[in-house]
Amino acid sequence: MKIKILIALLFASLSSYAQTSTENYFKLTRAGFQEKNAYTTTAFVEKYFRVPGNTGFNASIHYVEAILKKAGYKEQKQIESEYPLTYRIEKRPLKNKTWEPVNANIDIIGDPQPLISYKTNRNMIPINCGSTPTAGVTAEVVYLPKATAAEIEKLDLKGKIIFSENNPSRLLAMALKAGAIGVLGYSMPAYTKPEIHQTSIQFGSMKADSEVWSLLLSYAAKEKLKAACSKGVTKLKVNIETKIYSSEELTIVANLKGSINPNERFVFSAHVQEPGANDNASGVGTLAEMARLSAELYQSKKINPQRTLTFLWGDEISSTRRYITEDTTRAKGIMWGMSLDMVGEDTKKTGGSFLIEKMPDPSAIWTRGNDKHTEWGAGNVTEKDLFPHYFNDFIFDICKTQGKFANWTVNYNPFEGGSDHTPFLQNKIPGLLMWHFTDVFYHTDNDRIDKVSPVEMKNVAISGLTAAYTLTSANENTATTTVSQVKTDALIRLQTEFDLSKKAISNGKSVADEKHIIEVWSKWYVDALATINKMPVKTETTKVGSSIKAATLEIEKQTNIYLEDLK
């Protein structure tokens with residue numbers, strides 16, 4: 001009898017263990033995530049100008065490796081399922097040589113103060129730029145504000161430096177043809193507020209193996225050089241030192257194996273390359289601490305994901321795309337993807353806001369009301385590109401819960417693309433982006449560690465991990481709760497769109513067009529509800545299907561009411 005009681009208690013305990021609530025996952029991640037660890041990793045990574053294969057990129061990969069090993073991940077020898085916690089470093093030869101900056105200076109002859117220096121502006125050297133001779137070069141600079149081909153052809157530029165308020169990469173071919181030895185350019189978008197942040201330079205790139213070097217100027221340097229040129233002939237001394245060499249590309253992948261369906265997985269991705277602190281050292285640091293905490297919680301038996309959790313660090317988009325496409329069997333089991341990109345911003349300093357970039361929903365086509373695109377710009381989304389899925393609303397609601405708890409501002413933007421969420425979507429896998437925008441220091445050399453908030457990284461991580469833990473061990477109750485949540489979100493959205501359509505019609509818009517918008521939103525949410533059927537790890541009952549059917553009928557009923565009213 002005692003044995004039977006013990007067995008019953010054991011099964012009850014295991015059942016409770018497998019069905020840990022989202023609320024409990026919040027408690028575990030809030031208590032366990034060490035933002036100091038994430039910040040320390042971010043500070044290490046941001047020291048380097050990171051290009052795949054170069055010293056800084058590889059050092060960052062190995063720094064993450066050390067964190068994983070210390071946390072209990074074992075190096076994968078054969079297959080990733082050989083241990084519950086594994087990691088591997090994938091090595092691939094680079095098609096082209098890698099590159100890294102060492103030093104650069106521009107001096108105006110006769111001026112004791114340097115015009116600009118790598119020590120203060122490491123983005124002044126475009127990726128792939130070669131070196132000048134060791135002693136540097138001294139040459140006359142010619143200011144051509146627009147620097148058109150017709151203008152350049154009329155001038156004697158042999159042995160001279162072209163200075164233009166254009167992106168210098170566009171002028172390299174013209175400069176070479178004209179006999180110029182180098183190009184100085186300026187290219188800062190308005191949202192970076194260059195007149196205020198006058199020392200910022202956004203990083204750029206140029207064609208490899210070019211016979212002409214190029215450098216980028218800050219607003220302050222550009223204005224100072226313009227003033228010097230306006231006074232007459234101006235000569236510059238330019239020194240550039242870079243390294244260009246053969247190397248290999250590294251990607252690091254860690255796994256916490258699922259206990260029931262290990263071939264189904266949630267994949268987090270954070271890209272290593274790019275020279276900034278927020279972009280994307282903060283993603284690297286945050287994900288490293290998320291992986292460490294996951295191992296700790298697993299080893300202490302506080303979590304037991306029934307599907308696999310995968311953590312990936314590599315080259316933006318390409319590493320994630322390869323992970324998905326190189327193994328078609330593995331790809332079939334990827335159920336969710338999440339990109340961590342620019343997740344650590346101190347928003348009081350950067351001006352950005354935390355955003356969830358949604359999978360393509362109708363707001364990416366009809367962007368109105370409170371929906372708005374960022375300065376990154378809208379993608380070319382059509383109705384055939386829409387991706388109905390519960391993931392949008394599920395993650396947004398998780399983040400809002402953490403936002404309410406931590407007094408953390410949470411927003412979203414319609415789909416735009418451009419980060420590691422896009423390979424998931426391109427391969428029909430639900431994928432979202434966690435990021436911040438608009439950031440006045442975006443891609444600039446003022447994106448340094450002082451603009452990073454440990455608290456912001458913690459809020460992002462808590463939300464991401466809580467969502468992943470919930471989904472990788474989802475049961476019927478998780479699914480039916482999500483059905484109710486998505487239905488509520490759908491009804492709120494339909495009400496919003498109905499109100500906007502009524503106003504649009506009163507302003508002369510087509511009734512048919514406005515009704516179509518309502519219909520597309522309704523269908524999107526109905527189709528999103530249907531995807532919840534695959535959420536539970538075990539799906540042997542019909543409870544979820546019944547709740548989806550009931551929610552669908554309610555949405556369709558309300559949609560018909562709105563369509564009738566729009567007549």
Side-chain angles (χ1 to χ4, degrees), residues 11-12 14-26 258-267 303-309 331-338 356 358-361 386-401 424-425 428-432 463-494 521-560:
F11 274 104
L14 286 173
S15 176
S16 174
Y17 182 59
Q19 297 179 14
T20 306
S21 68
T22 299
E23 182 180 352
N24 193 48
Y25 291 138
F26 268 124
S259 59
I260 295 179
N261 292 346
N263 292 328
E264 296 178 350
R265 66 186 68 220
F266 190 116
V267 179
I303 64 168
N304 182 32
Q306 296 172 8
R307 294 168 168 132
T308 296
L309 276 165
K332 291 177 182 177
I334 302 173
M335 297 184 68
W336 312 274
M338 181 174 286
I356 301 164
K358 299 188 292 179
M359 294 161 53
D361 70 5
L386 296 179
F387 199 138
H389 201 276
Y390 65 82
F391 201 38
N392 273 1
D393 294 271
F394 184 89
I395 297 299
F396 189 41
D397 281 285
I398 288 278
C399 290
K400 285 190 293 185
T401 299
F424 293 108
L425 297 170
K428 309 302 180 185
I429 299 167
L432 290 173
S463 301
L465 281 180
T466 297
Y469 294 162
T470 301
L471 291 172
T472 52
S473 292
N475 54 31
E476 248 189 5
N477 291 335
T478 314
T480 54
T481 299
T482 303
V483 170
S484 178
Q485 164 200 315
V486 172
K487 180 195 73 174
T488 298
D489 292 341
L491 294 173
I492 291 171
R493 170 58 76 167
L494 287 171
W521 268 110
S522 179
K523 185 178 186 305
W524 192 93
Y525 265 109
V526 167
D527 291 344
L529 282 169
T531 65
I532 301 174
N533 251 326
K534 295 182 180 180
M535 179 189 284
V537 177
K538 299 177 181 178
T539 57
E540 56 271 7
T541 67
T542 60
K543 182 180 177 182
V544 178
S546 298
S547 64
I548 290 172
K549 184 176 180 180
T552 297
L553 290 173
E554 190 170 343
I555 289 172
E556 290 176 341
K557 180 181 178 181
Q558 188 59 57
T559 300
N560 288 331

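Hydrogens, waters and symmetry mates are skipped; everything else that's a heavy atom, side chains included, is used.
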**Message:** The test is side-chain contact (heavy atoms from CB on, under 4.5 Å); show your working for Tyr469 and Leu309 and say whether it passes.
**Reply:** CA-CA 8 Å; Tyr469 294 162; Leu309 276 165; 3.5 Å; yes

Nearest 0.5 Å, what's the [atom1]-[atom2] distance between [X] and [Y]?
X	Y	atom1	atom2	answer
Thr478	Gln485	OG1	CD	11.0 Å
Lys543	Ile548	NZ	CD1	12.5 Å
Leu553	Lys487	CG	NZ	11.0 Å
Thr472	Arg265	OG1	CZ	12.0 Å
Met359	Phe391	CE	CZ	7.5 Å
Met335	Lys534	CE	NZ	7.5 Å

Give me the atom names and distance for the closest heavy-atom approach of [X] to [Y].
X	Y	result
Gly431	Phe424	CA-CB, 4.1 Å
Ile395	Ala467	CD1-CB, 3.4 Å
Pro360	Leu425	CD-CD1, 4.0 Å
Ala490	Ile555	CB-CD1, 3.6 Å
His389	Trp524	O-CH2, 3.5 Å
Pro388	Thr531	O-CG2, 3.8 Å

**Among Asp397, Thr401, Thr470, side-chain hydrogen bond (donor to acceptor under 3.5 Å, both in side chains) partner for Thr22** = Thr470

**Prompt:** Can you tell which of Thr552, Asp527, Thr559 makes a side-chain hydrogen bond (donor to acceptor under 3.5 Å, both in side chains) with Ser522?
**Reply:**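 Of all the options given, the one that passes is Thr559.
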
**Message:** Run Phe396 and Asp489 through side-chain contact (heavy atoms from CB on, under 4.5 Å) and show every step you take.
**Reply:** CA-CA 10 Å; Phe396 189 41; Asp489 292 341; over 6 Å; no

Please confirm whether the backbone N or O of [Y] pairs with a side-chain atom of [X], one donor and one acceptor, at under 3.5 Å?
X	Y	value
Thr466	Ser463	no
Thr308	Asn263	no
Trp336	Leu432	no
Ser484	Thr481	no
Thr480	Asn477	yes
Asn261	Arg307	no
Ser473	Gln306	yes
Thr542	Gly545	no

**Prompt:** Crowded around Lys523 NZ? As in, over 12 foreign heavy atoms under 6.0 Å?
**Reply:**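 12 or below, so no.
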
**Request:** Apply the test side-chain contact (heavy atoms from CB on, under 4.5 Å) to residues Met535 and Thr482: give CA-CA distance (whole Å), side-chain angles for both, the deciding distance (0.1 Å), then the verdict.
**Result:** CA-CA 9 Å; Met535 179 189 284; Thr482 303; 3.4 Å; yes

**Message:** What verdict does the side-chain contact (heavy atoms from CB on, under 4.5 Å) test give for Ile532 and Leu529, after you've listed the backbone C-alpha separation in whole Å, the side-chain angles of each residue and the deciding distance to 0.1 Å?
**Reply:** CA-CA 6 Å; Ile532 301 174; Leu529 282 169; 4.1 Å; yes

**Asked** Side chains of Tyr525 and Asp393: is there a donor and an acceptor less than 3.5 Å apart?
**Response**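 Tyr525 vs Asp393: donor-acceptor pair found between side chains.
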
